[in-house]
Amino acid sequence: MEYIPYGKHDINEDDIQAVVDVLRSDYITQGPKVPEFEKAVATYTGARYGIAVNSATSALHIACLALGVGQGDVVWTSPITFVASANCAIYCGANVDFVDIDPDTYNMSPNKLRDKLIEAKANNNLPRVVIPVHLAGQSCQMKEIFELSKEFGFSIIEDASHAIGGKYRGRPIGCCEYSAITIFSFHPVKIMTTAEGGMAMTNDEKLANKMNLLRTHGITRNEELMSRKDGQWYYEQIDLGFNFRLTELQAALGISQLSRIDEFVTARNNVAERYIELFAGSNVQTPKLREECLSSYHLFIVRIKNRNLVFNKLRKAMIGVNIHYIPVYKQPYYAKYNYNTASFRCANEYYDTAISLPLYPTLEFTAQQKVVSLILGNNI
Ligand SMILES: Cc1ncc(COP(=O)(O)O)c(C=O)c1O
């Protein structure tokens with residue numbers, strides 16, 4: 001029986017050649033490909049700056065630091081996300097809290113965000129940063145969240161790890177129209193890949209410079225930023241940064257993959273459409289997309305009553321279904337924060353019934369039919 005994973009990268013001969021060309025060149029790290037990749041993603045999304053890093057986790061970390069997140073601050077995100085969306089605040093010494101999800105989109109609910117902000121204002125505990133996560137590739141309701149950011153005075157980092165290639169209100173996700181920073185992931189199960197990798201997009205020059213500095217140890221060669229001048233060898237460490245650099249090999253792969261991004265997104269939407277048709281008339285709840293959104297369909301999440309039975313049955317049949325995600329507040333590491341987990345009603349209900357089905361550009365119709373008939377079959 002052939003294994004069908006839930007996600008899979010799509011590497012072609014051009015991608016391979018791009019990487020091989022770098023291997024034969026003078027630079028395998030810190031050369032011209034990384035800035036070329038950054039520029040290409042900036043052009044594609046419409047953002048002014050892109051800072052390429054070795055993962056979306058690193059992008060979230062330096063985005064929080066650039067926005068001044070530190071001890072005593074609070075960062076809010078969605079509970080239905082990968083742990084990295086929350087961990088980034090803890091890396092900075094801040095606390096994390098969660099905003100319950102919308103029952104239709106599974107993204108952070110703007111209404112619940114508003115309610116929580118009103119309460120936090122009364123308790124003098126407003127968040128410094130809110131991180132909406134575009135789950136499965138569908139944008140959050142960024143306009144509403146942006147308006148709340150103006151009213152309550154917080155910054156926004158869009159976690160668009162799932163969402164490069166998607167659109168919101170006619171503009172590419174990543175353009176940062178409604179946020180200070182948007183981050184992408186290029187992990188192989190995502191829409192496009194650099195093996196490991198990520199990027200932080202922004203329209204703010206100061207944030208771009210800060211993230212650039214933090215990516216490379218906090219070291220600068222810019223004379224205007226240095227305390228004194230010395231020989232040509234001279235550099236200064238002016239901040240505490242990290243080695244979060246992407247390599248030239250990865251950047252070359254990223255440039256090549258980006259040239260097919262719209263193809264990937266169209267193929268993913270086609271696969272999603274076929275699932276929706278196959279499930280029509282059944283009691284399986286397929287994704288609900290808001291009309292202002294084009295999803296990049298990183299994931300195809302359905303809601304199903306007897307989810308655990310279905311999960312086990314599909315795994316037994318060599319179908320790599322998965323659960324995205326275990327609510328972050330349920331993780332043992334987060335127990336010490338003593339969240340009132342019952343208050344995340346929609347996230348809890350979601351977790352009991354959600355399952356991600358295989359979705360990638362080359363997934364064949366016959367494989368989809370098999371997945372659907374196993375789910376709908378009366379011997380579940
Ligand atoms: C929503 C979300 N945020 C952040 C990340 C972290 O991405 P990376 O693996 O590139 O660090 C992931 C990865 O799965 C994710 O799904």
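Ligands are counted one by one from 1 in listed order, and the atoms in each one are counted from 1 as well. Note: hydrogens, waters and symmetry copies are ignored here, and every other heavy atom, side chains too, is used.
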Looking only at heavy atoms of Tyr325, does any of them come nearer than 4.0 Å to an atom of ligand 1?
yes
Please evaluate residues Glu36 and Lys33 with respect to the criterion salt bridge (Lys or Arg N to Asp or Glu O under 4.0 Å), reporting the C-alpha separation (whole Å), side-chain torsions for both, the decisive distance (0.1 Å), and the verdict.
CA-CA 5 Å; Glu36 188 185 329; Lys33 287 290 173 196; 3.4 Å; yes
Take every heavy atom of Gly198, measure it against each atom of ligand 1, and state whether any distance is under 4.0 Å.
no
Flag the pair Met201 / Ile181 as yes when at least one side-chain heavy-atom distance between them is below 4.5 Å, and no otherwise.
no
Taking CG in Leu126 as the centre, count heavy atoms belonging to other residues, nucleotides or ligands within less than 6.0 Å. Is the count above 12?
yes
Short list, please: which atoms of ligand 1 are under 4.0 Å from a heavy atom of Thr81?
1 (C)
Would you mind running through ligand 1 and noting each atom that sits below 4.0 Å from a heavy atom of Gly197?
10 (O)
Rounded to the nearest 0.5 Å, what's the gap from CD on Gln141 to OH on Tyr178? Could you check?
12.0 Å
Atom 3 (N) of ligand 1: closest protein heavy atom, distance to 0.1 Å, is Asp159 OD2, 2.7 Å
With heavy atoms of His162 as the reference, note each atom of ligand 1 found under 4.0 Å away.
1 (C), 15 (C), 16 (O)
Crowding at CG, Leu225 (>12 non-hydrogen neighbours, <6.0 Å)
yes
Does Tyr337 OH have over 12 foreign heavy atoms under 6.0 Å away?
yes
Of all protein heavy atoms, the one nearest atom 14 (O) of ligand 1 is Lys190 NZ, 2.9 Å
At what distance is the nearest protein heavy atom to atom 4 (C) of ligand 1, and which residue and atom is it?
Ser161 OG, 3.2 Å
What's the shortest distance from atom 7 (O) of ligand 1 to any protein heavy atom, and which residue and atom give it?
Ala56 CB, 3.3 Å
Could you tell me, atom by atom, which parts of ligand 1 come under 4.0 Å of a heavy atom of Val133?
1 (C)
Just need the protein heavy atom nearest to atom 15 (C) of ligand 1, so name the residue and atom and give the distance.
Phe82 CB, 3.5 Å
Among Pro79, Ser78, Ser343, side chain to side chain contact (heavy atoms under 4.5 Å, CB included) partner for Phe98:
Pro79
Determine whether Arg215 and Glu38 satisfy the following criterion, salt bridge (Lys or Arg N to Asp or Glu O under 4.0 Å), listing intermediate values before the conclusion.
CA-CA 14 Å; Arg215 163 178 65 180; Glu38 291 172 335; 2.7 Å; yes
Taking only heavy atoms of Ser185, which atoms of ligand 1 are found under 4.0 Å from at least one of them?
7 (O), 8 (P), 10 (O)
Are a donor atom and an acceptor atom from the side chains of His134 and Glu158 found within less than 3.5 Å of each other?
yes
Test of proximity, His187 against ligand 1: N or O pairs below 3.5 Å
no
Heavy-atom donor-acceptor pair, Lys190 side chain to Ser161 backbone, under 3.5 Å:
no
Distance to 0.1 Å, residue and atom name: give those for the protein heavy atom nearest to atom 11 (O) of ligand 1.
Thr57 OG1, 2.5 Å
Does Ser58 have a heavy atom less than 4.0 Å from any atom of ligand 1?
no
